[in-house]
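Per chain, numbering begins at 1; letters A, B, ... match sequence-line order. As the structure is a prediction and not an experimental result, all values here were calculated from the model.
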Number of protein chains: 2
Amino acid sequence: MNGLTERQRRVLEFLRDYLRRHGYPPTIREIRTAFGLRSNRGVVDHLRALERKGSIRRLPGSSRAIAISGPDGENAEGAGRAKAYPVAGRVAAGRPEEALEDGNGSLLLDERLFGGKGDFVLEVKGDSMSGAHIVSGDLVVVRKTASCETGSFVVALVDGEATVKRYVRRGSRVVLEPANPAYAPIVLSAGNAAASVVGTVVGVIRRYPGRGRAFSR
Amino acid sequence: MNGLTERQRRVLEFLRDYLRRHGYPPTIREIRTAFGLRSNRGVVDHLRALERKGSIRRLPGSSRAIAISGPDGENAEGAGRAKAYPVAGRVAAGRPEEALEDGNGSLLLDERLFGGKGDFVLEVKGDSMSGAHIVSGDLVVVRKTASCETGSFVVALVDGEATVKRYVRRGSRVVLEPANPAYAPIVLSAGNAAASVVGTVVGVIRRYPGRGRAFSR
DNA sequence: TTGCAATCTGTACAAACGTTTAGTAGTATG
DNA sequence: CATACTACTAAACGTTTGTACAGATTGCAA
């Protein structure tokens, strides 16, 4: 994506910033002023370089006709490649602890990642699924499904509590198995109204604590 | 927000559509043509009405200086809660297999998740980090960092090959440890130019195979 | 009927704007 | 040492573009 010089990078950054703030791109003279230049030519050179390197697209001869074609450009063009996933709350992967609580806000993720309808996000608490590499603090992306495949991970409501388990069908019985020997499997009998599968886990997102993270759910 | 006539509503819709498609607003003459008008005045009247009713903002006398101030306007103004992460390619978590190859495209993720600068995404191949719950096929979000904390996961270039390991400082030595006893640690000596740390792993994204996934990298 | 707002035609103009030519300086490439 | 690219000054050119003026038509409310 890059092969830009420091100066070109700054011009591109200015273009993005201006577009974000004003809703339309700047004129060449505005860019000139912003960088303290005394001639249009300098700006023209930068724009030509940015266009040659694919960072922007221009309509020759037309005012303010600068389109940013990078990642931010697609964003501005609103190709809408990001999908909003409602954050439902926390889910216990050990003992069922907390039910699905009302989370505030939603999470934007690339629609190509899990692109389905009716998906939502839950935070995992507990370590009953650590054997399957799902650990406490992970966010699981859940798809509301009517049926489940054996072996897949599901979010189930057991006695009103949400929990992540592996879905295994054994004859007429359905067993929700943890992936940690310290926990016991849960048998889902046919007449058991106290337990129901909410959906299938289609993805996991883990964040490692670092400097200045901000997502608070 | 509304109080717009049918005609004004359509003009506003056209403005939104044009901005989304081109990345910059249209000229008055472009609007005129789009609506099959034969005079600028009609367009000017509509724009004045839209501005009076608060749907758009304009900079008088300046080309294409139309900013949409409704809900879509905020979108165009780039409240931009999704951030684009370049996809660099694959990274070996077992033996170094493939170098960072040029991946096509980028991945949109909520900026609150990993919100940093210069981050990128790699797909993990191999199982040397399975003890740390990072498995083959996972996408790791990498932040280019100058320094690393002991115990954190890093992406390192060893002999031109990218690999995920745990970063451990032991006195003057730096050791890149796998999280799988089947693999051997890599010692990073001070004069070893063949090995360098690219960045810190700040996140992991896992996709479980399901019906009709589309992200192909 | 009168008045007002919305919608539009047709012509014209001055300013804003992108572009070009000519030239300078610095740095990197081979 | 020539070539190429980046980054800029200075001045001038031609057109795109917003705006204004002088109307016309329709519908709706006082």
Is any side-chain heavy atom of [X] closer than 4.5 Å to a side-chain heavy atom of [Y]?
X       : Y       : value
V155(A) : V197(A) : no
I56(B)  : L47(B)  : yes
Y208(B) : T200(A) : no
S55(B)  : Q8(B)   : no
I68(B)  : L19(B)  : yes
S130(B) : S136(B) : no

Proximal nucleotide (of dG10(C), dG18(D), dT16(D)) relative to the S63(B) side chain: dG18(D)
Closest listed nucleotide, where the reference is the side chain of R58(B) and the choices are dC17(C), dT7(C), dG18(D): dG18(D)
What is the separation between atom [atom1] on [X] and atom [atom2] on [N], rounded to the nearest whole Å?
X      : N       : atom1 : atom2 : result
K53(A) : dC5(D)  : NZ    : P     : 11 Å
R38(B) : dT7(C)  : CZ    : C1'   : 15 Å
L50(B) : dA6(C)  : CG    : C1'   : 12 Å
L59(A) : dT17(D) : CG    : C1'   : 13 Å
R57(B) : dG18(D) : CZ    : P     : 17 Å
H46(A) : dG18(C) : NE2   : C1'   : 16 Å
L47(B) : dG18(D) : CG    : P     : 9 Å
L12(B) : dT7(C)  : CG    : P     : 13 Å

Over all atoms of both residues, closest heavy-atom pair of I134(A) and R206(B): CG1-NH1, 4.1 Å
Option among D17(B), L15(B), V43(B) that satisfies the side chain to side chain contact (heavy atoms under 4.5 Å, CB included) test with P26(B): L15(B)
Sugar-phosphate, base or nothing in reach of G61(B), heavy atoms under 4.0 Å: sugar-phosphate
The helix from dT1(C)-dA30(D) to dG30(C)-dC1(D): angle between end helix axes, five pairs per end, rounded to 10 degrees: 30°
According to side chain to side chain donor-acceptor pair (under 3.5 Å), who are the partners of [X], at least two apart in sequence or on a separate chain?
X       : value
N40(B)  : R32(B)
R10(A)  : E6(A)
Y167(B) : R169(B)

Nucleic acid contacts - residues 27-35 of chain B versus DNA chain D, non-hydrogen atoms under 4.0 Å: T27(B), I28(B), R29(B)
Contact letters for nucleotides 20-29 of chain D, in which S counts primed atoms plus P, OP1 and OP2 and B counts the base, heavy atoms under 4.0 Å: SBB-------
